[in-house]
There are 2 protein chains.
Amino acid sequence: MDIGKKLQSVRKQRGLSQRELASRAGLTNGTISLIEKNKTSPSIASLKSLLDAIPMSMSEFFSSFDDENTPKYFFTASEFTEIAPQVSGDSPGASAQVSLRQIGGSSHHALLMLYETYPPESDTGVELLSHEAEEAGVVISGSIEITVSDQVRVLSAGDGYIFDSRLPHRFRNTGQQECVIVSASTPPTF
Amino acid sequence: MDIGKKLQSVRKQRGLSQRELASRAGLTNGTISLIEKNKTSPSIASLKSLLDAIPMSMSEFFSSFDDENTPKYFFTASEFTEIAPQVSGDSPGASAQVSLRQIGGSSHHALLMLYETYPPESDTGVELLSHEAEEAGVVISGSIEITVSDQVRVLSAGDGYIFDSRLPHRFRNTGQQECVIVSASTPPTF
DNA sequence: ATACGGTGTTTATTTTAATTGTCAATCATG
DNA sequence: CATGATTGACAATTAAAATAAACACCGTAT
(Lines give C-alpha, C1' and ligand atoms only; values in the text may rest on other atoms or scores of the structure.)
Protein backbone atom coordinates (compact mmCIF):
# COMPACT_ATOMS: atom_id res chain seq x y z
CA MET A 1 0.00 0.00 0.00
CA ASP A 2 2.13 2.86 -1.27
CA ILE A 3 -0.11 5.68 -0.06
CA GLY A 4 2.46 8.35 -0.82
CA LYS A 5 2.95 7.33 -4.42
CA LYS A 6 -0.79 7.12 -4.98
CA LEU A 7 -1.43 10.53 -3.45
CA GLN A 8 1.30 12.12 -5.51
CA SER A 9 -0.14 10.47 -8.58
CA VAL A 10 -3.65 11.83 -8.11
CA ARG A 11 -2.31 15.22 -7.05
CA LYS A 12 -0.21 15.63 -10.17
CA GLN A 13 -3.05 14.34 -12.30
CA ARG A 14 -4.93 17.46 -11.27
CA GLY A 15 -1.91 19.63 -11.82
CA LEU A 16 -1.75 20.73 -8.20
CA SER A 17 1.40 21.61 -6.30
CA GLN A 18 1.87 20.41 -2.74
CA ARG A 19 1.23 23.94 -1.51
CA GLU A 20 -1.90 24.38 -3.60
CA LEU A 21 -3.37 21.12 -2.43
CA ALA A 22 -2.36 21.86 1.14
CA SER A 23 -4.10 25.18 1.02
CA ARG A 24 -7.33 23.67 -0.29
CA ALA A 25 -7.24 20.83 2.18
CA GLY A 26 -6.40 22.98 5.17
CA LEU A 27 -3.08 21.27 5.71
CA THR A 28 0.50 22.25 5.02
CA ASN A 29 2.86 21.49 2.18
CA GLY A 30 5.30 19.84 4.55
CA THR A 31 2.68 17.36 5.62
CA ILE A 32 1.98 16.42 2.03
CA SER A 33 5.68 16.02 1.38
CA LEU A 34 5.99 13.65 4.34
CA ILE A 35 2.95 11.66 3.28
CA GLU A 36 4.09 11.35 -0.31
CA LYS A 37 7.48 10.10 0.83
CA ASN A 38 5.77 7.64 3.18
CA LYS A 39 7.55 9.18 6.13
CA THR A 40 4.26 9.44 7.95
CA SER A 41 0.93 7.67 7.92
CA PRO A 42 -1.77 10.31 7.63
CA SER A 43 -4.87 10.15 9.76
CA ILE A 44 -8.13 9.31 8.09
CA ALA A 45 -9.18 12.89 8.71
CA SER A 46 -6.11 14.27 6.96
CA LEU A 47 -6.37 11.97 3.99
CA LYS A 48 -10.07 12.74 3.68
CA SER A 49 -9.31 16.46 3.63
CA LEU A 50 -6.78 15.94 0.89
CA LEU A 51 -9.07 13.79 -1.21
CA ASP A 52 -11.97 16.20 -0.76
CA ALA A 53 -9.75 18.93 -2.19
CA ILE A 54 -8.81 16.91 -5.25
CA PRO A 55 -11.65 15.68 -5.25
CA MET A 56 -11.75 11.91 -4.93
CA SER A 57 -13.65 9.54 -2.70
CA MET A 58 -11.87 7.41 -0.14
CA SER A 59 -13.12 4.22 -1.71
CA GLU A 60 -11.90 5.27 -5.13
CA PHE A 61 -8.52 6.12 -3.66
CA PHE A 62 -8.17 2.75 -1.99
CA SER A 63 -9.75 0.73 -4.76
CA SER A 64 -6.47 0.83 -6.67
CA PHE A 65 -4.93 -1.19 -3.87
CA ASP A 66 -7.58 -3.89 -4.02
CA ASP A 67 -5.69 -6.35 -6.13
CA GLU A 68 -2.65 -5.83 -3.95
CA ASN A 69 -3.91 -8.14 -1.24
CA THR A 70 -5.98 -10.28 -3.54
CA PRO A 71 -4.21 -13.57 -3.90
CA LYS A 72 -3.28 -14.37 -7.46
CA TYR A 73 -4.36 -17.88 -8.19
CA PHE A 74 -3.55 -18.37 -11.85
CA PHE A 75 -0.43 -17.88 -13.86
CA THR A 76 0.40 -18.31 -17.48
CA ALA A 77 3.63 -19.99 -18.40
CA SER A 78 5.14 -16.64 -19.31
CA GLU A 79 4.40 -15.39 -15.80
CA PHE A 80 6.55 -18.03 -14.16
CA THR A 81 9.59 -16.41 -12.61
CA GLU A 82 13.00 -17.86 -13.14
CA ILE A 83 14.80 -18.59 -9.90
CA ALA A 84 18.46 -19.32 -9.50
CA PRO A 85 19.38 -22.93 -8.68
CA GLN A 86 20.94 -22.84 -5.23
CA VAL A 87 24.50 -23.74 -5.93
CA SER A 88 25.75 -26.04 -3.20
CA GLY A 89 29.22 -24.63 -3.12
CA ASP A 90 31.49 -27.54 -3.86
CA SER A 91 29.36 -29.43 -6.33
CA PRO A 92 31.84 -30.43 -8.96
CA GLY A 93 29.57 -31.49 -11.79
CA ALA A 94 27.02 -28.69 -11.38
CA SER A 95 26.13 -27.33 -14.78
CA ALA A 96 24.27 -24.05 -14.58
CA GLN A 97 21.95 -24.63 -17.50
CA VAL A 98 19.17 -26.00 -15.38
CA SER A 99 16.13 -23.76 -15.50
CA LEU A 100 13.89 -23.44 -12.46
CA ARG A 101 10.74 -21.45 -12.93
CA GLN A 102 8.46 -20.75 -10.01
CA ILE A 103 4.68 -20.84 -10.28
CA GLY A 104 3.36 -17.69 -8.58
CA GLY A 105 6.70 -16.06 -8.37
CA SER A 106 6.26 -13.20 -5.97
CA SER A 107 4.59 -13.70 -2.65
CA HIS A 108 5.40 -16.20 0.00
CA HIS A 109 3.41 -19.39 -0.03
CA ALA A 110 3.58 -22.51 2.01
CA LEU A 111 4.37 -24.36 -1.16
CA LEU A 112 7.06 -23.87 -3.77
CA MET A 113 6.08 -25.15 -7.16
CA LEU A 114 8.64 -25.29 -9.93
CA TYR A 115 8.71 -25.89 -13.62
CA GLU A 116 12.17 -27.36 -14.16
CA THR A 117 13.96 -27.79 -17.44
CA TYR A 118 17.03 -29.99 -17.67
CA PRO A 119 19.00 -29.83 -20.89
CA PRO A 120 21.00 -32.94 -21.90
CA GLU A 121 24.13 -33.30 -19.77
CA SER A 122 22.75 -30.94 -17.10
CA ASP A 123 23.39 -31.78 -13.46
CA THR A 124 22.35 -30.07 -10.24
CA GLY A 125 25.13 -31.56 -8.24
CA VAL A 126 24.46 -32.81 -4.74
CA GLU A 127 21.98 -30.66 -2.85
CA LEU A 128 20.74 -30.87 0.69
CA LEU A 129 18.65 -28.58 2.81
CA SER A 130 19.20 -28.15 6.52
CA HIS A 131 15.58 -27.63 7.55
CA GLU A 132 12.61 -29.95 7.37
CA ALA A 133 11.05 -29.98 3.93
CA GLU A 134 9.59 -32.40 1.49
CA GLU A 135 10.09 -32.39 -2.22
CA ALA A 136 8.06 -34.11 -4.92
CA GLY A 137 7.73 -34.02 -8.67
CA VAL A 138 6.55 -35.56 -11.86
CA VAL A 139 8.53 -35.98 -15.04
CA ILE A 140 6.69 -34.40 -17.95
CA SER A 141 8.97 -35.21 -20.80
CA GLY A 142 12.35 -36.77 -21.37
CA SER A 143 14.08 -38.75 -18.67
CA ILE A 144 16.20 -37.87 -15.65
CA GLU A 145 18.49 -39.68 -13.28
CA ILE A 146 17.67 -38.85 -9.69
CA THR A 147 19.85 -39.71 -6.74
CA VAL A 148 18.42 -39.56 -3.21
CA SER A 149 20.63 -40.60 -0.36
CA ASP A 150 22.10 -43.87 -1.58
CA GLN A 151 19.44 -44.66 -4.16
CA VAL A 152 19.72 -43.92 -7.87
CA ARG A 153 16.89 -44.13 -10.35
CA VAL A 154 16.13 -43.00 -13.88
CA LEU A 155 12.64 -41.62 -14.26
CA SER A 156 10.83 -41.10 -17.55
CA ALA A 157 7.80 -39.09 -18.58
CA GLY A 158 4.92 -39.88 -16.26
CA ASP A 159 7.11 -41.04 -13.39
CA GLY A 160 7.26 -39.20 -10.09
CA TYR A 161 9.31 -38.87 -6.92
CA ILE A 162 9.06 -37.66 -3.36
CA PHE A 163 11.66 -37.41 -0.61
CA ASP A 164 12.82 -35.49 2.43
CA SER A 165 14.80 -32.45 1.29
CA ARG A 166 17.32 -32.95 4.05
CA LEU A 167 18.53 -36.07 2.30
CA PRO A 168 21.28 -35.36 -0.21
CA HIS A 169 19.80 -35.43 -3.70
CA ARG A 170 20.94 -34.83 -7.25
CA PHE A 171 19.32 -34.50 -10.65
CA ARG A 172 21.18 -35.45 -13.81
CA ASN A 173 19.89 -35.57 -17.35
CA THR A 174 21.79 -38.49 -18.82
CA GLY A 175 19.62 -38.73 -21.92
CA GLN A 176 19.81 -37.14 -25.34
CA GLN A 177 16.80 -34.89 -25.03
CA GLU A 178 15.64 -32.13 -22.70
CA CYS A 179 13.82 -33.22 -19.56
CA VAL A 180 10.96 -31.27 -18.04
CA ILE A 181 9.87 -31.80 -14.45
CA VAL A 182 7.16 -30.19 -12.40
CA SER A 183 8.10 -30.23 -8.77
CA ALA A 184 6.84 -29.00 -5.43
CA SER A 185 8.43 -28.56 -2.06
CA THR A 186 7.09 -27.56 1.31
CA PRO A 187 7.93 -25.42 3.04
CA PRO A 188 10.14 -23.37 0.78
CA THR A 189 13.25 -21.64 2.04
CA PHE A 190 12.08 -19.40 4.88
CA MET B 1 -17.97 9.74 7.66
CA ASP B 2 -18.67 8.00 10.94
CA ILE B 3 -15.54 5.87 10.98
CA GLY B 4 -16.10 4.74 14.54
CA LYS B 5 -19.60 3.47 13.94
CA LYS B 6 -18.52 1.65 10.81
CA LEU B 7 -15.55 0.02 12.51
CA GLN B 8 -17.67 -1.10 15.41
CA SER B 9 -20.20 -2.48 12.99
CA VAL B 10 -17.73 -4.63 11.09
CA ARG B 11 -16.00 -5.68 14.28
CA LYS B 12 -19.19 -6.91 15.87
CA GLN B 13 -20.21 -8.57 12.65
CA ARG B 14 -17.22 -10.84 13.13
CA GLY B 15 -18.03 -11.33 16.77
CA LEU B 16 -14.78 -9.81 17.95
CA SER B 17 -14.25 -7.89 21.17
CA GLN B 18 -12.14 -4.76 21.19
CA ARG B 19 -9.39 -6.68 22.95
CA GLU B 20 -9.47 -9.56 20.50
CA LEU B 21 -9.31 -7.30 17.49
CA ALA B 22 -6.61 -5.19 19.12
CA SER B 23 -4.52 -8.25 19.72
CA ARG B 24 -4.83 -9.45 16.14
CA ALA B 25 -4.13 -6.01 14.72
CA GLY B 26 -1.21 -5.29 16.99
CA LEU B 27 -2.94 -2.36 18.65
CA THR B 28 -4.57 -1.84 22.02
CA ASN B 29 -8.17 -2.08 23.12
CA GLY B 30 -8.10 1.51 24.30
CA THR B 31 -7.20 2.71 20.85
CA ILE B 32 -10.13 0.86 19.35
CA SER B 33 -12.44 2.34 21.93
CA LEU B 34 -11.25 5.85 21.08
CA ILE B 35 -11.62 5.22 17.36
CA GLU B 36 -15.10 3.76 17.69
CA LYS B 37 -16.19 6.77 19.73
CA ASN B 38 -14.65 9.09 17.14
CA LYS B 39 -12.41 10.60 19.76
CA THR B 40 -9.44 10.12 17.49
CA SER B 41 -8.80 9.80 13.79
CA PRO B 42 -6.75 6.68 13.22
CA SER B 43 -3.80 6.71 10.90
CA ILE B 44 -4.11 4.87 7.64
CA ALA B 45 -1.59 2.41 9.00
CA SER B 46 -3.68 1.74 12.10
CA LEU B 47 -6.93 1.36 10.21
CA LYS B 48 -5.24 -0.94 7.72
CA SER B 49 -3.99 -3.13 10.55
CA LEU B 50 -7.48 -3.33 11.98
CA LEU B 51 -9.10 -4.15 8.67
CA ASP B 52 -6.46 -6.74 7.85
CA ALA B 53 -7.36 -8.46 11.12
CA ILE B 54 -11.06 -8.55 10.35
CA PRO B 55 -10.38 -8.96 7.36
CA MET B 56 -11.71 -6.29 5.03
CA SER B 57 -10.18 -4.18 2.30
CA MET B 58 -9.83 -0.44 2.67
CA SER B 59 -11.94 0.22 -0.39
CA GLU B 60 -14.71 -2.03 0.88
CA PHE B 61 -14.61 -0.23 4.22
CA PHE B 62 -14.91 3.19 2.62
CA SER B 63 -17.34 2.20 -0.11
CA SER B 64 -20.17 2.42 2.37
CA PHE B 65 -19.50 6.13 2.66
CA ASP B 66 -19.68 6.72 -1.06
CA ASP B 67 -23.24 8.00 -1.22
CA GLU B 68 -22.51 10.25 1.72
CA ASN B 69 -20.83 12.85 -0.45
CA THR B 70 -23.10 12.24 -3.40
CA PRO B 71 -25.15 15.36 -3.87
CA LYS B 72 -28.85 14.92 -3.34
CA TYR B 73 -30.68 16.49 -6.21
CA PHE B 74 -34.31 15.70 -5.54
CA PHE B 75 -36.53 16.23 -2.58
CA THR B 76 -40.13 15.43 -1.86
CA ALA B 77 -42.26 18.04 -0.16
CA SER B 78 -42.03 16.13 3.10
CA GLU B 79 -38.25 16.41 2.95
CA PHE B 80 -38.27 20.19 2.97
CA THR B 81 -36.84 21.44 6.22
CA GLU B 82 -38.59 24.16 8.16
CA ILE B 83 -36.33 27.08 8.89
CA ALA B 84 -36.98 29.84 11.37
CA PRO B 85 -37.87 33.25 9.92
CA GLN B 86 -35.07 35.57 10.92
CA VAL B 87 -36.77 37.92 13.32
CA SER B 88 -35.45 41.41 12.76
CA GLY B 89 -35.49 42.40 16.39
CA ASP B 90 -37.73 45.40 16.62
CA SER B 91 -40.28 44.50 13.97
CA PRO B 92 -43.54 45.42 15.61
CA GLY B 93 -46.03 43.60 13.44
CA ALA B 94 -44.06 40.39 12.96
CA SER B 95 -46.39 37.46 13.32
CA ALA B 96 -44.56 34.18 13.75
CA GLN B 97 -46.97 32.04 11.79
CA VAL B 98 -45.06 32.38 8.54
CA SER B 99 -43.68 29.05 7.42
CA LEU B 100 -40.39 28.90 5.52
CA ARG B 101 -39.40 25.52 4.20
CA GLN B 102 -36.05 25.01 2.52
CA ILE B 103 -35.56 22.82 -0.53
CA GLY B 104 -32.53 20.64 0.09
CA GLY B 105 -32.34 21.43 3.74
CA SER B 106 -28.97 20.24 4.82
CA SER B 107 -25.87 21.11 2.90
CA HIS B 108 -24.63 24.48 1.82
CA HIS B 109 -25.60 25.59 -1.63
CA ALA B 110 -25.07 28.77 -3.53
CA LEU B 111 -28.81 29.16 -3.69
CA LEU B 112 -31.46 29.19 -1.00
CA MET B 113 -34.81 28.05 -2.25
CA LEU B 114 -37.85 28.37 -0.02
CA TYR B 115 -41.41 27.24 -0.01
CA GLU B 116 -43.17 29.95 1.99
CA THR B 117 -46.62 29.84 3.48
CA TYR B 118 -48.30 33.02 4.69
CA PRO B 119 -51.52 32.60 6.65
CA PRO B 120 -54.04 35.48 6.52
CA GLU B 121 -52.89 38.41 8.67
CA SER B 122 -49.29 37.15 8.70
CA ASP B 123 -46.48 39.70 8.43
CA THR B 124 -42.71 39.31 8.28
CA GLY B 125 -42.03 42.80 9.48
CA VAL B 126 -39.29 44.82 7.90
CA GLU B 127 -36.25 42.71 6.97
CA LEU B 128 -32.93 43.74 5.53
CA LEU B 129 -29.68 41.89 5.00
CA SER B 130 -26.30 43.52 5.37
CA HIS B 131 -24.49 41.56 2.67
CA GLU B 132 -25.03 41.47 -1.05
CA ALA B 133 -27.80 39.12 -2.05
CA GLU B 134 -30.68 38.95 -4.41
CA GLU B 135 -34.08 37.59 -3.68
CA ALA B 136 -36.80 36.52 -6.09
CA GLY B 137 -40.05 34.58 -5.97
CA VAL B 138 -43.32 33.64 -7.52
CA VAL B 139 -46.70 33.67 -5.89
CA ILE B 140 -48.32 30.24 -6.21
CA SER B 141 -51.65 30.85 -4.59
CA GLY B 142 -53.43 33.59 -2.70
CA SER B 143 -52.14 37.12 -2.69
CA ILE B 144 -49.53 39.05 -0.76
CA GLU B 145 -48.55 42.62 -0.17
CA ILE B 146 -44.86 43.16 -0.67
CA THR B 147 -42.98 46.26 0.34
CA VAL B 148 -39.49 46.90 -1.06
CA SER B 149 -37.77 50.09 -0.13
CA ASP B 150 -40.47 52.72 -0.73
CA GLN B 151 -42.60 50.66 -3.12
CA VAL B 152 -45.67 48.68 -2.12
CA ARG B 153 -47.43 46.17 -4.29
CA VAL B 154 -49.98 43.39 -3.93
CA LEU B 155 -49.10 40.28 -5.94
CA SER B 156 -51.47 37.47 -6.81
CA ALA B 157 -50.98 33.90 -7.99
CA GLY B 158 -48.67 33.86 -10.97
CA ASP B 159 -46.96 37.15 -10.12
CA GLY B 160 -43.33 37.39 -9.24
CA TYR B 161 -40.77 39.69 -7.67
CA ILE B 162 -37.03 40.26 -7.49
CA PHE B 163 -35.00 42.73 -5.46
CA ASP B 164 -31.72 43.34 -3.68
CA SER B 165 -31.91 41.79 -0.24
CA ARG B 166 -30.11 44.77 1.28
CA LEU B 167 -33.16 46.88 0.58
CA PRO B 168 -35.66 46.84 3.42
CA HIS B 169 -38.51 44.52 2.52
CA ARG B 170 -41.67 43.21 4.08
CA PHE B 171 -44.26 40.56 3.27
CA ARG B 172 -47.86 40.90 4.52
CA ASN B 173 -50.81 38.71 3.72
CA THR B 174 -53.68 41.21 3.70
CA GLY B 175 -56.13 38.82 2.07
CA GLN B 176 -58.57 36.28 3.44
CA GLN B 177 -56.81 33.14 2.30
CA GLU B 178 -53.41 31.57 2.77
CA CYS B 179 -50.67 32.69 0.39
CA VAL B 180 -47.98 30.39 -0.93
CA ILE B 181 -44.77 31.73 -2.42
CA VAL B 182 -41.76 29.94 -3.86
CA SER B 183 -38.68 32.09 -3.47
CA ALA B 184 -34.98 31.96 -4.06
CA SER B 185 -32.09 34.01 -2.80
CA THR B 186 -28.42 34.08 -3.58
CA PRO B 187 -26.15 33.81 -1.83
CA PRO B 188 -27.77 32.53 1.37
CA THR B 189 -26.63 33.64 4.79
CA PHE B 190 -22.95 32.73 4.98
C1' DA C 1 -23.13 -11.96 48.88
C1' DT C 2 -18.87 -11.70 46.36
C1' DA C 3 -15.27 -12.94 43.67
C1' DC C 4 -14.35 -13.69 38.96
C1' DG C 5 -13.64 -13.18 33.87
C1' DG C 6 -15.46 -10.66 30.38
C1' DT C 7 -16.85 -6.24 28.31
C1' DG C 8 -16.00 -1.06 26.92
C1' DT C 9 -14.32 3.36 28.76
C1' DT C 10 -11.14 6.70 30.74
C1' DT C 11 -6.61 9.03 32.16
C1' DA C 12 -1.59 10.01 32.22
C1' DT C 13 2.38 9.07 29.48
C1' DT C 14 4.82 7.90 25.38
C1' DT C 15 5.02 7.89 20.64
C1' DT C 16 3.80 9.67 16.27
C1' DA C 17 1.90 12.97 13.07
C1' DA C 18 1.39 17.90 11.70
C1' DT C 19 3.05 22.54 11.70
C1' DT C 20 6.22 26.11 11.12
C1' DG C 21 9.95 28.12 9.10
C1' DT C 22 13.82 27.44 6.20
C1' DC C 23 16.53 25.43 2.58
C1' DA C 24 18.30 24.28 -2.15
C1' DA C 25 16.81 23.32 -6.77
C1' DT C 26 14.17 24.54 -10.73
C1' DC C 27 12.11 27.56 -13.94
C1' DA C 28 10.57 31.54 -16.19
C1' DT C 29 11.45 36.82 -16.95
C1' DG C 30 13.47 41.07 -17.45
C1' DC D 1 23.20 36.52 -15.93
C1' DA D 2 20.42 38.08 -12.12
C1' DT D 3 16.05 38.20 -10.08
C1' DG D 4 11.86 36.60 -8.23
C1' DA D 5 8.66 33.05 -7.93
C1' DT D 6 7.57 28.23 -7.27
C1' DT D 7 8.72 23.79 -6.43
C1' DG D 8 9.65 19.70 -3.04
C1' DA D 9 12.40 18.46 1.04
C1' DC D 10 14.06 19.07 5.66
C1' DA D 11 14.75 20.15 11.04
C1' DA D 12 12.73 21.74 15.21
C1' DT D 13 8.53 22.64 17.59
C1' DT D 14 3.63 21.86 18.52
C1' DA D 15 -0.49 19.08 18.27
C1' DA D 16 -2.53 14.73 18.18
C1' DA D 17 -2.85 9.69 18.29
C1' DA D 18 -1.44 5.29 20.55
C1' DT D 19 -0.11 3.06 24.69
C1' DA D 20 -0.43 1.22 29.27
C1' DA D 21 -2.86 0.86 33.28
C1' DA D 22 -6.63 1.65 35.81
C1' DC D 23 -11.68 2.06 36.04
C1' DA D 24 -16.66 0.85 36.09
C1' DC D 25 -19.93 -2.20 34.31
C1' DC D 26 -22.35 -6.62 33.55
C1' DG D 27 -23.41 -11.39 34.01
C1' DT D 28 -22.61 -15.65 36.43
C1' DA D 29 -20.84 -19.03 39.08
C1' DT D 30 -18.64 -20.21 43.28
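Any value given below was found using the heavy atoms of this structure, including those in side chains, with hydrogens, waters and symmetry copies removed. Residue numbers begin at 1 in each chain, while the letters A, B, ... track the order of the sequences.
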Checking [X] now: which residues fulfil side-chain contact (heavy atoms from CB on, under 4.5 Å) with it, not counting sequence neighbours?
X: B:P119; answer: B:Q97, B:S122
X: A:Q177; answer: none
X: B:A157; answer: none
X: B:K5; answer: B:D2

Categorize [X] for me: base, sugar-phosphate, or nothing, with a 4.0 angstrom heavy-atom threshold over every strand shown.
X: A:T28; value: base
X: B:T40; value: sugar-phosphate
X: B:T31; value: base

Please report, rounded to the nearest Å, how far the [atom2] atom of [N] is from the [atom1] atom of [X].
X: B:E36; N: D:dA18; atom1: CD; atom2: C1'; answer: 15 Å
X: A:K39; N: D:dA11; atom1: NZ; atom2: C1'; answer: 11 Å
X: A:L21; N: D:dT6; atom1: CG; atom2: P; answer: 17 Å
X: B:I35; N: D:dA17; atom1: CD1; atom2: P; answer: 10 Å
X: A:L27; N: D:dA16; atom1: CG; atom2: P; answer: 12 Å
X: A:Q18; N: D:dC10; atom1: CD; atom2: P; answer: 11 Å

Treating primed atoms plus P, OP1 and OP2 as sugar-phosphate and everything else as base, which nucleotides of nucleotides 21-27 of chain D get B, S or - for protein heavy atoms under 4.0 Å?
-B-----
Set of side chain to side chain donor-acceptor pair (under 3.5 Å) partners for B:S57, sequence neighbours left out
B:S59
Residues at least two apart in sequence or cross-chain that pass side chain to side chain donor-acceptor pair (under 3.5 Å) with B:S63, listed by chain then number, are none
A:T31 and A:T28: side chain donor to acceptor below 3.5 Å
yes
Where does the chain A footprint on DNA chain C start and end, counting 5' to 3' with a 4.0 Å heavy-atom cut-off?
C:dA17 to C:dT22
A:L21 side chain reached by A:I54 side chain, heavy atoms, under 4.5 Å
yes
Pairs satisfying side-chain hydrogen bond (donor to acceptor under 3.5 Å, both in side chains), at least one member in residues 16-26 of chain B, at least two apart
B:Q18-B:E36
Could you pull out all residues at least two apart from A:F171 that satisfy ring pair (Phe, Tyr, Trp, His ring centres under 6.0 Å)?
A:Y118, A:Y161
Any salt bridge (charged side-chain N to carboxylate O under 4.0 Å, His left out) pairs touching residues 138-148 of chain A, not counting sequence neighbours?
A:E145-A:R172
Closer than 4.0 Å, any side-chain N/O of B:S46 to the OP1 or OP2 of D:dA17?
no
Tell me which residues in residues 5-16 of chain A put a heavy atom below 4.0 Å from DNA chain C, sorted by number, or none.
none
